[in-house]
There are 2 protein chains.
Amino acid sequence: MSVSRNAEMLRCCVLYYQEQLAIQQIAERLNISRFKVSRYLKEAQGRGIVEVQIHDPNVEFEHLALRVEQALGLDEVVVVPTPFEASSESIRLAIGRAGSALFDDVTPETSVSITWGRTIAYMVDSLPGGKLNGHRVVDLAGGFGEVSSSVSSRAVTLRTAEKLNAECVQVPAPTIVGNAETARSLLAEDSIRRALDLAAESQIAVTGIGPVSKDSLIYLSGFMTDADITALRKKHGAVGSIIGRFYDIEGREVESEFKSRAIALEMDRFLSIPKRIAFAGGQAKLDSLIGVARGGLITTLVTDSQTATALLEAYGPATAAEQKALT
Amino acid sequence: MSVSRNAEMLRCCVLYYQEQLAIQQIAERLNISRFKVSRYLKEAQGRGIVEVQIHDPNVEFEHLALRVEQALGLDEVVVVPTPFEASSESIRLAIGRAGSALFDDVTPETSVSITWGRTIAYMVDSLPGGKLNGHRVVDLAGGFGEVSSSVSSRAVTLRTAEKLNAECVQVPAPTIVGNAETARSLLAEDSIRRALDLAAESQIAVTGIGPVSKDSLIYLSGFMTDADITALRKKHGAVGSIIGRFYDIEGREVESEFKSRAIALEMDRFLSIPKRIAFAGGQAKLDSLIGVARGGLITTLVTDSQTATALLEAYGPATAAEQKALT
DNA sequence: CGCCCTCTTGCACATATGTGCATTGTAAAC
DNA sequence: GTTTACAATGCACATATGTGCAAGAGGGCG
């Protein structure tokens with residue numbers, strides 16, 4: 001009996017998975033009830049007797065994406081292959097290109113908010129022209145002195161609006177101003193307040209993640225000094241910036257002077273935007289990414305495989321233990 | 001769009017086959033309709049993107065069995081591993097042992113008809129005692145002078161009846177008698193006629209397949225001479241024997257003198273038994289097996305992997321062509 | 001031999017999945 | 001720019017599959 005039981009199960013597996021027969025047909029063929037077949041198949045799965053292989057070079061990236069989703073608790077993660085020549089620039093390009101897929105569900109009612117950034121600039125470039133239709137594209141924060149015209153706030157927002165065939169609303173101010181006083185008065189400006197209100201009402205936020213280093217656009221555009229960087233890191237524990245605001249490893253906005261000098265959507269209002277997509281990759285941004293994830297600052301992440309792997313290692317242990325507990 | 005299409009399909013595959021999510025759950029997670037997921041999965045299957053592997057040392061035998069079923073048009077085929085020391089005797093033993101599984105559906109209403117044979121003797125030995133319950137066990141043909149008492153008709157039928165806890169009905173005559181005259185009078189005997197009538201009414205027939213050679217029990221027990229073998233093969237094209245009757249490569253009973261000298265169930269009545277199981281293996285019986293298959297003489301076959309492979313090669317070409325046509 | 005326990009089985013029902021068809025979207029051809 | 005053909009989509013319905021439960025079969029143990 002126990003001999004034939006295995007054979008029967010095996011036969012069910014072969015007929016089901018390799019001959020593609022329906023469970024009912026298998027039951028008729030083997031003269032057993034369909035319940036039995038169903039239970040055999042379930043048991044075979046549970047015992048790991050059947051294994052499904054997916055033949056596609058990109059499975060590994062989907063796997064990574066899935067694991068990052070679970071580990072960081074994100075709604076959606078897209079992982080692109082890290083380019084062979086893994087320079088910061090090529091990674092930005094690769095990540096940016098993958099972004100267009102995230103715009104599939106943009107409708108003429110959709111309002112998109114956005115910030116400047118090098119990765120974002122690539123993303124906008126790769127958006128198809130004339131296919132998408134959105135309602136409005138609006139800045140999440142002010143701009144900055146021209147580091148490179150193509151990545152400036154003005155250019156990115158404008159070009160996105162063009163590609164989405166949508167209204168363009170900009171925040172006519174720098175991201176960071178000299179002192180809190182100036183910031184207050186600018187934020188009182190109708191044009192700025194209205195723009196930020198519109199940003200707060202958007203359904204999709206698109207942004208990059210900045211490191212707290214000399215490689216950040218905030219530094220490169222002269223909004224902060226070397227001393228600021230040191231202070232932010234050492235004194236405030238800042239690990240990254242998003243929409244011009246700095247946060248620590250737990251994703252809490254740090255209480256530095258920069259908080260009051262920023263012309264950008266307030267963090268709480270930013271967090272009320274239902275879909276917040278970050279485009280970011282590269283080893284330098286690991287801590288920045290862990291922070292946004294821990295703090296729930298974003299819902300969606302587009303990154304590269306190397307970064308994804310590193311993230312899992314840095315963030316994974318807890319999850320690995322959890323998974324063990326589940327088994 | 002086409003980029004994201006592949007990614008989406010891939011994601012569906014991973015979620016379905018590796019994360020074991022239901023199609024509906026996948027649909028919700030990816031914000032697409034369940035129909036789309038369903039169709040993606042179907043397409044992936046069709047394109048051969050997913051492949052299922054079954055981890056079990058015996059899959060290959062199930063595969064063989066399946067292919068032999070299709071190639072020879074049998075209802076059910078059981079293939080056992082050819083023993084490492086592939087002597088005729090060890091093959092018979094292996095095949096015989098596998099037979100017990102075929103008796104699962106024997107009920108107290110089941111009447112089983114049976115013939116002698118070395119493989120059958122092993123099969124009977126391996127039947128469990130005290131578990132099965134049948135109604136009647138009856139000879140399909142007469143017996144023979146004692147080649148070996150354990151495989152004699154009398155012993156096999158009797159022991160099977162014991163194991164099945166069933167009534168035992170034998171045909172009190174030799175399988176082959178000296179001339180047609182004797183056969184006619186024996187067949188007119190009440191005891192013999194009644195036994196054969198009961199055999200004709202059985203639901204399951206269990207038999208071996210004999211080659212037309214000096215290795216056949218019919219020869220070994222002295223029912224035929226070397227000259228008979230030659231005549232049967234050359235003149236009549238006989239390739240094997242079943243229930244004491246010879247048939248050619250198309251499975252047609254040959255019109256030799258042996259036909260009128262046999263004390264056995266007539267071929268047409270034999271063919272009316274719904275389930276006809278043959279136990280046979282070994283290279284020597286290849287032609288015999290092809291004959292029974294072509295003629296539809298049996299519905300079920302128990303054999304060993306080496307023989308099964310050889311059968312597919314000998315019988316397969318036509319089927320391979322058919323399969324090509326289907327593709 | 002009877003009892004109890006466990007594992008298996010089949011059924012009724014709840015759920016999940018597949019499929020033809022009408023509709024919409026899309027891209028090539030004119 | 002219009003037309004046409006074709007593929008993609010969603011829906012209603014048919015079908016297939018999963019699951020809790022109660023009945024039954026087997027298998028030790030007293």
Side-chain angles (χ1 to χ4, degrees), chain A residues 1-47 49-50 52 100-101 103-110 127-134 163-165, chain B residues 1-17 19-47 50 52 100-101 103-110 127-134 163-165:
Chain A
M1 201 59 164
S2 66
V3 177
S4 77
R5 191 188 143 81
N6 268 340
E8 215 166 51
M9 186 158 79
L10 204 53
R11 203 162 267 227
C12 287
C13 288
V14 171
L15 289 171
Y16 187 73
Y17 290 108
Q18 302 186 333
E19 301 290 313
Q20 320 268 42
L21 292 186
I23 287 179
Q24 286 197 337
Q25 294 177 298
I26 298 172
E28 285 163 24
R29 183 149 175 183
L30 303 185
N31 276 313
I32 56 183
S33 80
R34 67 185 183 80
F35 308 106
K36 207 169 171 180
V37 178
S38 176
R39 282 165 178 145
Y40 275 146
L41 293 173
K42 195 175 173 184
E43 186 185 340
Q45 277 210 335
R47 287 216 250 156
I49 292 176
V50 297
V52 180
S100 38
F103 284 80
D104 274 356
D105 48 359
V106 168
T107 72
E109 283 75 44
T110 311
L127 283 180
K131 313 262 176 167
L132 296 167
N133 286 291
K163 295 262 179 141
L164 294 190
N165 191 29
Chain B
M1 199 60 163
S2 67
V3 176
S4 77
R5 190 188 143 81
N6 269 341
E8 214 165 51
M9 186 156 80
L10 204 52
R11 203 162 266 228
C12 287
C13 289
V14 171
L15 288 171
Y16 187 74
Y17 290 108
E19 302 290 313
Q20 319 267 43
L21 292 187
I23 288 179
Q24 284 196 340
Q25 294 177 298
I26 298 172
E28 285 162 26
R29 182 151 178 182
L30 302 185
N31 277 313
I32 56 182
S33 79
R34 66 184 184 81
F35 308 106
K36 207 169 172 180
V37 178
S38 175
R39 281 165 178 145
Y40 274 147
L41 293 173
K42 195 175 173 183
E43 186 185 341
Q45 277 211 333
R47 286 215 252 155
V50 297
V52 181
S100 37
F103 284 80
D104 273 357
D105 50 358
V106 167
T107 71
E109 284 74 43
T110 311
L127 284 179
K131 314 260 177 169
L132 297 167
N133 286 291
K163 296 261 180 145
L164 294 190
N165 191 28

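Note that these values count all heavy atoms, side chains included, but never hydrogens, waters or copies made by symmetry. Each chain gets a letter, A, B and so on, in the order its sequence line appears, and its residues count up from 1. Note that the structure is a prediction, hence the values are computed from the model and not measured.
Counting heavy atoms from C-beta outward, Met9(A) and Ile49(A) have side chains that approach closer than 4.5 Å. Proximity of Tyr16(B) to Val50(B): side-chain heavy atoms (C-beta onward) are nowhere separated by under 4.5 Å. Contact annotation: the side chain of Leu30(A) approaches that of Leu15(A) to within less than 4.5 Å [non-hydrogen atoms, C-beta and beyond].
A salt bridge links Glu43(A) with Arg5(A): the closest approach of a Lys/Arg side-chain nitrogen to an acidic carboxylate oxygen falls below 4.0 angstrom.
Counting to the nearest Å, the C1' atom of dT8(C) and the CZ atom of Arg5(A) are 9 Å from each other. For the pair Leu30(B) CG and dT9(D) P, the interatomic distance rounds to 13 Å; values are reported in whole Å. Taking atom OH on Tyr40(A) and atom C1' on dG10(C), their separation rounds to 14 Å, with Å as the unit. Rounded to an integer number of Å, the gap from NZ of Lys36(B) to P of dT24(C) is 18 Å.
In this structure, Ser33(B) reaches the dG10(D) phosphate: one of its side-chain N or O atoms is under 4.0 Å from OP1 or OP2.
Considering Leu21(B), Ile23(B), Val37(B) as possible partners of Cys12(B), the one that fulfils the side chain to side chain contact (heavy atoms under 4.5 Å, CB included) test is Val37(B).
Of all heavy-atom pairs spanning Ala27(A) and Ser33(A), the tightest one is CB-C, 3.8 Å.
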Strictly under 3.5 Å: I want the nitrogen or oxygen pairs between protein and nucleotides 13-20 of chain D, one per line.
from: dA16(D); atom 1: OP2; to: Gln24(A); atom 2: OE1; distance (Å): 3.4
from: dT17(D); atom 1: OP1; to: Ile23(A); atom 2: N; distance (Å): 3.2
from: dT17(D); atom 1: OP2; to: Ile23(A); atom 2: N; distance (Å): 3.3
from: dT17(D); atom 1: OP2; to: Gln24(A); atom 2: N; distance (Å): 3.2
from: dG18(D); atom 1: OP2; to: Ser38(A); atom 2: OG; distance (Å): 2.5
from: dG18(D); atom 1: O6; to: Arg34(A); atom 2: NH2; distance (Å): 2.8
from: dT19(D); atom 1: OP2; to: Lys42(A); atom 2: NZ; distance (Å): 2.9
from: dG20(D); atom 1: O6; to: Arg39(A); atom 2: NH2; distance (Å): 2.9

